[in-house]
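Counting convention: from 1, in listed order, for ligands and their atoms alike. Reckoned from all heavy atoms, side chains included, excluding hydrogens, waters and symmetry mates. Nothing here was measured: the structure is a model prediction, and the numbers come from that model.
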Amino acid sequence: MCTSSDIINDSKKIVIKIGSNVLSDDNGNVNKVALKNIIEQVNELINQGKQIIIVSSGAGICGVGAINKWSRRGDINYKQALCSIGQVELMMAYKEYFAEFDIHVGQMLLTREDFGDHTRNLNIRNALFTLVDEGVVPIINENDCVSVEEIKIGDNDTLGALTASLWNADLLIILSDIDGVFDKNPKDHEDAKLITIVSDIDKLLNEIECCGKSSFGTGGIVTKIGAAKKVNEYGIPMLLLNGKKRDIIKNVAENLECGTVFFKV
Ligand code: ADP
């Protein structure tokens, strides 16, 4: 019996964060197959009566895909330019794929500071509640052009956690390119073991090795564990799943796969 399955089935309000690794294929192009499949699963969740907010990375890769240059430029202004171009591409893909299910999407570009300001906080909340109540799926991303610090730490995992807390979500799902948290980086160690349940995050951090991140992923496993810590403090569980695997959310809900679930007992 997998706890993750019960948690998905019992949750009504779910924030799903999609990592840039999920949205890029091996050549660094946008992985449309993975994106379409996630949207199909979101549609099924909505049909089950659940409400969904998406926090999406991937603007950078979409920018490279669209303009086919600057991928190796390290300067921050070029990274921002790529995100600016790619954000449009990304939203066009979301709009097109959700339209197949007659679902509208609404874009919200936020910075971490927005969450610290009382009035902006209320505005974000009101906009989110209105969109979701009206059956629209909000797609949130960092406003990369105005948040230079964030572009450096690329912290959409934290943005996912902040969104989940602000919206009083029942669950945060982080989709990345690994099956969950391992005792060491599974990309470097074939014998790495998956940890399926985490109820003590501080203990976990003392026990595992976590390093290495992809060229597009900027948060790494540490910010995912940090996001879990944040939402768990509000009593919200977090699931880390492999978004590159077809039907992953559905399969976890049906108890066919597990991922890592973080919750406070
Ligand atoms: P995303 O783009 O999905 O946000 P990141 O590249 O930021 O993904 O972070 C996920 C990466 O963290 C994995 O691809 C993996 O290589 C790395 N990683 C490092 N240590 C671990 C670990 N102990 N367990 C799982 N993943 C790990």
Side-chain angles (χ1 to χ4, degrees), residues 4 15-31 33-35 37-38 54-65 71 79 82-83 86-87 90 112 139-142 144 150-164 172-198 200-231 238-246 248-249 252 257-262:
S4 310
V15 174
I16 301 176
K17 183 261 172 173
I18 310 175
S20 46
N21 284 330
V22 176
L23 295 175
S24 63
D25 63 20
D26 294 341
N27 304 317
N29 296 317
V30 182
N31 189 340
V33 175
L35 181 58
N37 179 246
I38 292 168
I54 291 178
V55 174
S56 180
S57 301
I61 332 150
C62 289
V64 174
S71 62
K79 286 193 172 179
L82 280 175
C83 289
Q87 182 64 27
L90 191 62
R112 216 194 286 205
I139 317 269
I140 299 178
N141 195 4
E142 292 219 36
D144 294 313
E150 276 79 0
I151 216 175
K152 277 192 218 147
I153 56 167
D155 213 348
N156 265 353
D157 297 318
T158 305
L159 187 56
L162 290 168
T163 304
L172 169 64
I173 298 178
I174 291 193
L175 297 178
S176 187
D177 66 341
I178 23 107
D179 289 342
V181 173
F182 289 75
D183 58 347
K184 48 196 166 190
N185 190 344
K187 297 257 178 82
D188 300 334
H189 304 273
E190 268 181 22
D191 62 339
K193 286 187 192 63
L194 178 68
I195 299 163
T196 53
I197 299 181
V198 177
D200 186 336
I201 291 177
D202 293 327
K203 189 162 160 263
L204 173 87
L205 283 171
N206 283 325
E207 287 172 358
I208 65 164
E209 282 174 30
C210 32
C211 57
K213 26 183 150 154
S214 66
S215 52
F216 285 114
T218 37
I221 199 70
V222 177
T223 57
K224 288 164 186 52
I225 297 171
K229 194 164 181 173
K230 256 192 181 56
V231 292
M238 189 188 103
L239 268 174
L240 176 58
L241 307 178
N242 192 335
K244 285 198 134 164
K245 283 192 172 166
R246 204 176 159 75
I248 184 68
I249 302 175
V252 172
E257 299 222 35
C258 252
T260 300
V261 59
F262 298 79

Of the side chain and backbone of K184, name the one, both, or neither that has a heavy atom under 4.0 Å from an atom of ligand 1.
-> backbone
Looking at S176, which atoms of ligand 1 are within less than 4.0 Å of one of its heavy atoms?
-> 1 (P), 3 (O), 8 (O), 10 (C)
Of the backbone atoms (N, CA, C, O) and the side-chain heavy atoms from C-beta on, which set of I178 has a member under 4.0 Å from an atom of ligand 1: side chain, backbone, both, or neither?
-> side chain
So, are K245 and D179 salt-bridged, with charged N and O less than 4.0 Å apart?
-> yes
Could you list the atoms of ligand 1 found under 4.0 angstrom from a heavy atom of D177?
-> 13 (C), 14 (O)
Counting only heavy atoms, which portion of K17 has something under 4.0 Å from ligand 1: side chain, backbone, both, or neither?
-> side chain
Which atoms form the tightest heavy-atom contact between V22 and L175, and what is the distance?
-> CG2-O, 3.4 Å
Below 3.5 angstrom, do we get any N/O pair linking G220 and ligand 1?
-> yes
Check: F182 N/O within less than 3.5 Å of ligand 1 N/O | yes
In ligand 1, which numbered atoms sit nearer than 4.0 Å to a non-hydrogen atom of G180?
-> 25 (C)
Under a 4.0 Å heavy-atom limit, does P186 contact ligand 1 with its side chain, its backbone, both, or neither?
-> side chain
Can you figure out which of N21, D157, L194, I61 has its heavy atom closest to atom 2 (O) of ligand 1?
-> N21
Can you list the atoms of ligand 1 that are under 4.0 Å from a heavy atom of E209?
-> 20 (N), 22 (C), 23 (N)
Identity of the nearest option to atom 26 (N) of ligand 1, non-hydrogen atoms only, from I208, D183, I221 | I221
Close approach, V22 and ligand 1, non-hydrogen under 4.0 angstrom | no
How close do G19 and S57 get, heavy atom to heavy atom, and via which atoms?
-> C-CB, 4.0 Å
Ion pair present between K224 and D157, side-chain N to carboxylate O less than 4.0 angstrom?
-> yes
CG/D177 to CG/N242 distance, rounded to the nearest 0.5 angstrom?
-> 6.5 Å
Any L35 side-chain heavy atom under 4.5 Å of L23 side chain | yes
Note: V64 and S71 closest approach over all heavy atoms is CG1-CB, 3.7 Å
Just jot down the salt bridge (charged side-chain N to carboxylate O under 4.0 Å, His left out) partners of E207, sequence neighbours excluded, or say none.
-> K203
More than 12 heavy atoms from other groups under 6.0 Å of NZ on K244 | yes
